[in-house]
Each structure stands twice: as structure tokens, then as C-alpha cells.
Amino acid sequence: MARLISSAAASWAATLFSILAIFNVIIPTVHADSSPVYIKGTDANGVTRTLLDSRFPALYTGNFGDCMGGQSLLNVTAFDAAYYADNMTVLFHLAGSTNLKNESLMLYISVQAYGEDRFDLTFNPCNANIGSLCPINSSVPISAEAIIPVSTSDVSNIPPIALVIPDFEGSATLRIFANSSQTQIGCFQAVMRNGATFSHPAAVSSTLGAFTLVALLASFVTAIYGASIPQIRTHYAHSLSILVIFEVFQSIFFSGALSLNWPSVCAAFWSNYAWSAGMIYSPKMIRSINHFVGTNGNSSQVGGAGSTVLNNNGGLQQQIYGRSLSLSSRSIQSIERGHDVARRIYARATNSTTEKSYTWAGSPIDPGIGTPGNWSGFAGELSESNIPASDAFLLGFLWFLILVVILVAATVLFKWSLELFSTLKMMQRDRLALFRSHWLQFLSLIVLRSMLIGFFMIMTLTLFQFSSGGNGGITAVAVIIFLIFFVSILGLAFYACFVRLRFGRYESSPDKIHFQRKKGVVPRLSTVRESEISKSDKAATTTVASMPFFRIRYIDNDKERQSVHEDEDFNKRFGWLSARYRRTRWWFFAFWVIYQFIRACFIGGGSANPSAQVYGIFVIEIIAFVAIICINPFEGARNTALAVYMLGISKVATAGLSIAFLPRFNLARIPTTVIGIIIIIIQGILTIAVLILIVLGAFSSYMSLTRNRDRFTPHSMEGIRIKYFETLDRKATDLPPPPPPEPEEPKEPYFSVNTVRRAPKIEDEDVDILPDMDNPAAQSTFSIGNRTRANSMRSTYSSYSSVPYGARVHRASWSSRDFTNWQQQQVTEEPDSAFSTPSRNPSRNASGNNTAHNSLQMTNNGTASVPPLIRPSVSHGSLRPTTPTIEQQAAAASQRAANAASAPR
Ligand SMILES: *[C@@H]1O[C@H](CO)[C@@H](O)[C@H](O)[C@H]1NC(C)=O
Ligand SMILES: *[C@@H]1O[C@H](CO)[C@@H](O)[C@H](O)[C@H]1NC(C)=O
Ligand SMILES: *[C@@H]1O[C@H](CO)[C@@H](O)[C@H](O)[C@H]1NC(C)=O
Ligand SMILES: *[C@@H]1O[C@H](CO)[C@@H](O)[C@H](O)[C@H]1NC(C)=O
Ligand SMILES: *[C@@H]1O[C@H](CO)[C@@H](O)[C@H](O)[C@H]1NC(C)=O
Ligand SMILES: *[C@@H]1O[C@H](CO)[C@@H](O)[C@H](O)[C@H]1NC(C)=O
Ligand SMILES: *[C@@H]1O[C@H](CO)[C@@H](O)[C@H](O)[C@H]1NC(C)=O
Ligand SMILES: *[C@@H]1O[C@H](CO)[C@@H](O)[C@H](O)[C@H]1NC(C)=O
């Protein structure tokens, strides 16, 4: 079992190591011995095994920092500690330098896990034969290594689960005390890990990034493909919104920006999403930002041994006390308590002066990053990604700029390559004509849309920058960026509303709110406005109470104005804001911008006051969740599912669970971790849902792209495509769903115009529902014997399957010559055919095109299928005059009715 655990830990750690290597984190070079060294080790159960010397320990330290806030009197370049469970050894390694001349020390090592001390040890370096610390001497570099055998009782506080749980929440602390003053002169803390972690930024971020790229391409292609703007908009509205995808990722990442003491699991998990908020670690960028922000330090060491040579002949106490650094009482106790134990252990410690680096060793934290092992607030979350909190704003903004530049460059490249293909005749000249002629407009829309997507992130980061302070330069930049985003996005959002609404006025009229009892699984009260209750419902409603209210209505001066999505001019200018929302909810972007700004104020600006921040964000999320469900803004079903429900639930749940972390509840760290894992599960499910929806969205966008094609591969999905286009059309009108179809009365053969199920559309008028006359095979579909509703539906939508969607059928009008040709063909091929007598259908001959239209309407009412092609009864099979008289027409009409009645169903 222990071997399993340790090998699992080792494989986890190896993964981590490669990830860190990819992420360019400084890792000490591994001493690659040509032949592996094996040792024998006995674990707590007395089992002796042969072990690889270079294996990963069960628990080991990662990056380390100065826990005296840079006031330690030592500069430390390496601080490693490890616990080998398989040979019961604690290993400790320290390297550094100091300016102290002659000072004897006591060392205190402790391991905290889940908020409690699990292991501590005080020892005198002289007893452990650590020459460079006994006494400490400025001219001798510190190099201390101790291998300390431990007994079962020493490590009894470390539960076995600590060795396997992901993101073990612990830290190892080394405190150094000067004997002369009995004060702490150095403190170094390293995060402890066991190799298992939720943080796999390279793997997870690149997966999420690749999926996002797919969604980005899908949404871009639907935005440029097509000729008519309303049609492009309809299809674009059903692609998955990049705005929503980023909102999901950013909402997950910024849940850690609240000023709470997060469990390590959450901080580690959220680091996978840091890229979405522009928190991408790049040593060069961090260095230059540090320079600008004014963070200075040496990233290859921690500590603050001043360059001034301290005189410790009686003066050291003064120096140390002058800094008011006091020894904690617990540490003094530990010195006294640990003394006996230490003597026993140290005698066996080895003395190694050779500098040794371990594969698992951490490195000094970069300047500006908080103490390792402290995941408090946004700074703690960012430390997981190795980013100083003071750099967050500028780093995010720079990556945002880089992203925009990449998008613009990619679009320009795309445009040029299209032109190249077109010139080389590898592509039809009119392909993507709209995009190619308006590409500059598209570019500006891409920039604006990116700003909209980045709005929440930039607002949060700038507000965080304001609240956490900083030097003048960075604050000035933050103010400028804040104003640019705030003014341009809010300004454009409200300008867009103004443009659309300026030709109308608002009217407020008295209204009443009725509280009604609703039946269901859970009986509840619902509120309905009186103006929304239809006359027929009024009698049926069971109003419990009512309350006077008012109602504001927008009245457009121009009653005939096109709907917002038909308005080409508006779409060209503000489609980037409104296109994905329903016709009646096109203004949702204004709501969204305000909501995101309020969120940003709480998350970014409220970092000084955790209670207000956490309760505030919880209330905001609940209100927004309910409001967005009521508004139900999105036209696309996938966007609705994701943005309205899944994201809303995740935000509310995360905000609600975060309340438990408030300092006032003083929750123990293990329950904290359990709650953290619940948050991770919620957000993990959300992420998986996003990935699935991206795939579905990509497929729907693919179907959108094939809208002008007859054939669709995979062919088995043809039915889905037809359904998709039907849904698209229905949703674009944004009318309430049609009432459920009334039960059919198949026995009664009569026409009923009351059962109209589908309003005729403009396209329908031109779609020729008759079979291709040159293709007799197609006519079998239209045999009157199959007079079923499905058949008539199929003929209505044959435009989807046999001709490109939205395209015009060639034979949009009839000429009598066509018909005669067809008749002749019929006569020669099937002399007994029902269609061999043209005069059976006099109205067709007489009024041609017009009748085709009428016949279509009859098809639409779903009762008769293809009336012009009535099968005559056999007894009337004789030829009639080709030009019918009025009486003959009337007779034919009654004949037709009779046929309809007698025709088999
Ligand atoms: C335990 O294993 C480590 C790593 O292989 C080694 O450095 C250490 O000396 C071992 N401890 C003992 C007591 O042999
Ligand atoms: C310790 O580091 C500081 C800052 O990097 C440096 O000024 C000082 O000289 C160093 N002291 C020693 C003894 O190396
Ligand atoms: C410090 O080390 C140097 C060189 O090893 C030695 O000359 C000096 O005496 C030492 N100082 C003390 C206080 O031990
Ligand atoms: C170092 O300090 C100790 C007492 O703290 C003293 O006994 C010793 O002589 C000093 N060593 C040197 C080289 O000054
Ligand atoms: C430092 O102080 C401790 C505790 O008082 C003592 O045990 C130890 O021997 C001292 N170290 C030296 C080098 O005198
Ligand atoms: C940073 O620290 C390392 C190790 O202490 C030292 O070698 C290097 O010179 C320092 N660099 C600066 C710029 O202080
Ligand atoms: C430890 O190192 C010192 C010199 O650095 C040496 O004098 C001493 O013998 C070594 N002790 C052991 C146990 O190797
Ligand atoms: C963790 O860091 C925060 C500031 O980032 C600080 O307020 C808090 O005291 C730290 N907690 C511990 C245990 O060091």
C-alpha cells in the first residue's frame, strides 16, 4: 500500500515536474547520476524494502519564502524539507548567506497541515555537526543538510491521507533563533506537497484554450458567412457565445478573488483558469512589470540580510529589538521541550557540505509574492500561478492587448489569404463577399467585442489595483484603462439603446399585480400583472390578493419599424452587442454591462472588507440569477442553458458556499477543504458542460454553414439539420410557442381553415411544392393516397432537404407550356395515370401561378395535401375540353371537394 501510495505520489510529482518545466519555473538542475543509487529503508510498519535514492518523498517542500516579510537576517537560496515515509526520515537542507559575524543559533522546524502543527523539532546545529551554522559566520556560506531519523511517535500526527490527498494543505517552517538575544532572526516557510494536485495549468489550460478556440472559430465563421445580414444574425445567434465561455472561466477564476482564506484545493483548481483572466505567467513580463510597479527583489533568493555589516558584539540585540521582532511564546516552549529529543536525534545526523539539489526541490518565491502556504485572498490565489498581486492588473491588461493584436492579425491574414485564393482562382470570386468587402468593419467589431468580453476582467483588475494601492505610475495607468473601458463599453451600450429607442416614447399606465395560487407538485404563489392576463384567463384565475402597480411601456412612433434583428443598419453597428439576444430582449447587453460592473466593484474593489464583499456578491448573484431567468435573453438554446442556468447556479452556489470561509465563522481547515471540494465539483461540472456545449455548438455552426448546400454529411444527421433550421426560424420570430395541436378528427372529411398550424413565410410563397416535372420518380411522394400530415410537412420543408435553405427554387412560376410538356410526358408514360387529364384541374390551367400559391396555403393548413393534383374518380376518365368554362370550373371545384371526401386516408 505504502509503495502504491509513494509510486502514485511519484508519478503525480513527475507530472507536476514536467508541467512546471513547461511553465518555465526555475527548477534546480537534477544531478543525473549514470547509475541509480539504491538504499534500504524500513517504514513505520517495520517493512524493509530496497528504495531508489532519487525517489520522491511522501511529503516535500515546494517554493519557499521569507515569513518575516523580508526582514530575515539571512539570505536563503535553498530551503528543502522532506518526509520519507518509507524509511522514516526527515530531510532538511538549507543554503544561503548572512552578514552576521559570530552568532550561535537554535533551529526550529515545524510542519503545519490543515491549520494545525503536525510535527516540530528544535535542534542545535552544533549537535548536528552543521559546521556552517555553528556559529553562523559571514565569511562562510551557509550550507546545512540534516538527515533526521524519526520515530513513529514523531510523525503520528501526520494522518496517512495527508500523503495522497490532492493539494495537501501544509507548510514547513524553519525558524532561526539567535542565542545572544533569544530572538527570531530568520523565518522561512515552504509550501508542502505530496505530488497530487488539482493544478495542471499546462494541460487543463491548453485543453480549455483549444476548445475555446474551436468555439471562437465557430462563432467567427457564423458571423461572416452569408449574404443577408438578418440571416447571418439568425445563425450567429445560435453559435455558442465566446462572451459566455469567458464569463464561465472568469467567474470560476475570480471566485478566488474574494478576500477569504481559501483552502489550497480551490486555489490550485482555479489556477487552471487563470489564463482566461490574462493571468499567464511569463518571467520576462513579470520582471518588467515588477520594475514598473516598483517591486524589487532577487528571484533567486529570499531573506533580507542587509548589506550593512552588523556588529554583533552587544549591538545585535539592539538591532533586532529595534525592529521589534519578538519571539513567540510557543517557539520558546518548543526550544525548551525539543532540547532533549534533539540531542538524541542530532547525534545521528550526517554532515554533508556538498550542495545537493533534489528533483522535488522548490525555488525561492519571486519578489512580490506572498508567503507560500497562505492562500488568502486574490494574492493567495495568484501565488499559485507565481504572479504577484501587484502585477495582476498590468499583466492581465497586457495579455488582453496581446490577444486583441493576435485576433486582429489573424483576421487580416485571413482576409489576405482569401484574396490570394480568389486571385489564384482557388476559390469562387464571390465567396464570403460580405466579409471581404467589409473586413475593416469586422475588425473594429472584433476589437469592440473583445473589449466587451474583457470588460469584467479589466474592471475587476483595475478596481483591485485601486483598492490595494500601488505607486503613482501603475495607479495612473489603471485609471486610464478603467476610464477607457468604462466609458466606451457603457457609453456604447447606452448609445445602442438610444439609437434604437429614440423614435419612441415611454408610457406609464396603472396596472395591478395579482398573486395567484399555482397548482403543481409544490403549491406556490405566483405574481401576474393584470395586463398580462388575457380576457379568457381572467375568469379562470384564482387571485389570492392584488396590489396596485404601474407598467411602463415603450411605444414606437413608427409602428412599422422593422424588428431589431431585421434592421440591417442597427445590426451592422450594434450587432456585436445585441445579436445573440432574442428579438424582444435585444437590450439585454445594457443589463449585462451594469451587472458585470457591480460584480467587479464587489470582487475587485471590496477586497478590504471580506464580509461586505462576500454577502454583497451573494445577494447580487441571487438577484441576477432570478432576473436573468425572468428575462431569458438568449435566442440560442445552448447559450440559454449555459449562461442562464448552469452559470447562474454555479455562481450562486459558489458565492453561497464562500460565506462559510468568512473569518468570523473560524471554520477548521478540514471542513474548509471539504467545502472547497464541493465548489470544485460544481465548477468542474460546469466546465465539462461548457466543453460539451462547445462541441454541440460547433456542430450547429457547421450545420449553419451548410445552409446553402443540398447534401449534408453525415447523411444520417439530415433530419437534425432540418429540425435545426426550423427551430432557427421559429426562434428568430421570438413569438410565444404555438398552442399544442388539437387532437385530429380523422373521420370527418372536411377542410378546416381553423387549424392553421404554421404561418406562411415569405420564402414559402416562392417555394414550389410541386415535384420536379421532369422527374416522374419524385411524383410518387405526392400520390394522393398518402394524404398524411407528415407528407404535407415534408413537401413544405422539401426546400431544406432538396434545395439550399433560403434559396429560391428555379421554377418559381409556372408557364402553361411547362405544364403541357409534363402532361404529355405523363400520358405517354402512364396512360392510366390520374394526371392524364389536364382538364381535371381547370383552375391550374386557368390561373397558373396564383393557384400554386393557393395550393400552398392549403398545404399549410394541414388538411389537404396537394389539392391541384386531385385524383379523379375512374368513372370520369374521359377527356374534357382543354379550356374550361365557368360552370366547368365550379363543377371541378365541387368535384374536388367530393374527391377529398372520398379519397383514402
Ligand atoms: C531515506 O531515504 C533518503 C532518500 O533516499 C535518504 O537520503 C536517507 O538517507 C534515507 N534515510 C536513512 C535513515 O537511510
Ligand atoms: C542579501 O540580499 C540582499 C538583497 O539582495 C543584498 O543586498 C545583501 O547584500 C545580501 N547579503 C548577503 C550576506 O549576501
Ligand atoms: C569565520 O570564518 C573565517 C574563515 O573561516 C574565520 O577566519 C573566522 O574566525 C570565523 N569567525 C568566527 C566568529 O568564527
Ligand atoms: C564568538 O562568540 C562567542 C560567544 O558568543 C565567543 O565565545 C567567541 O570567542 C566568538 N568568536 C570570535 C572569533 O569572535
Ligand atoms: C544556544 O542556546 C541553547 C538554549 O539555551 C543552548 O542549548 C545551546 O547550547 C546554545 N548554543 C551555543 C552554541 O551555545
Ligand atoms: C541574487 O542572489 C544570488 C544568490 O544570492 C546572487 O548570486 C545574485 O548576484 C543576486 N542578484 C542580484 C541582482 O542581487
Ligand atoms: C562535518 O564537516 C566538518 C567540516 O565541514 C568536518 O570537520 C567534520 O568532520 C564533518 N563531520 C562528519 C560527521 O562528517
Ligand atoms: C496570509 O496573507 C494575508 C495577506 O495576503 C495576511 O493578511 C494573512 O495574515 C496571512 N496569513 C497567514 C497565516 O500568514
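Just follow the structure's listing: the first ligand is 1, and inside any ligand the first atom is 1.
- With hydrogens and angles left out, the side-chain atoms of E384 and W270 include no donor and acceptor closer than 3.5 Å.
- Residue contacts with ligand 1 include R55, since one of its heavy atoms falls under 4.0 Å from the ligand.
- Considering every non-hydrogen atom in both Q465 and S390, the closest pair reads OE1-O, 3.5 Å.
- Under the salt bridge (charged side-chain N to carboxylate O under 4.0 Å, His left out) test applied with D86, the options K40, R55, R49 reduce to a single match, R55.
- When the heavy atoms of D53, I147, T89 are ranked by distance to atom 11 (N) of ligand 1, first place goes to T89.
- With ligand atoms numbered from 1 in the order given, ligand 3 contributes 13 (C) to contacts under 4.0 Å with heavy atoms of K101.
- Between the choices L100, N137, N102, V140, the shortest heavy-atom distance to atom 14 (O) of ligand 3 belongs to N137.
- Shortest non-hydrogen contact noted between I289 and L398 is CD1-CD1, 4.0 Å.
- In terms of polar-atom proximity, S54 is not counted as a contact of ligand 1, lacking any N or O under 3.5 Å from an N or O of the ligand.
- Not one N or O of K40 is nearer than 3.5 Å to an N or O of ligand 1, by distance alone.
- Below 3.5 Å of separation, one finds an N or O of N75 facing an N or O of ligand 2.
- If you look at I39 next to ligand 1, the close heavy atoms, those under 4.0 Å, all belong to the side chain.
- Of all non-hydrogen atoms in I185 and A178, the two that sit nearest each other are CG2-CB, 3.8 Å.
- Each of the following atoms of ligand 1 lies closer than 4.0 Å to a heavy atom of N87: 1 (C), 2 (O), 3 (C), 8 (C), 10 (C), 11 (N), 12 (C), 14 (O).
- At least one N or O atom of Q301, backbone or side chain, sits closer than 3.5 Å to an N or O atom of ligand 2.
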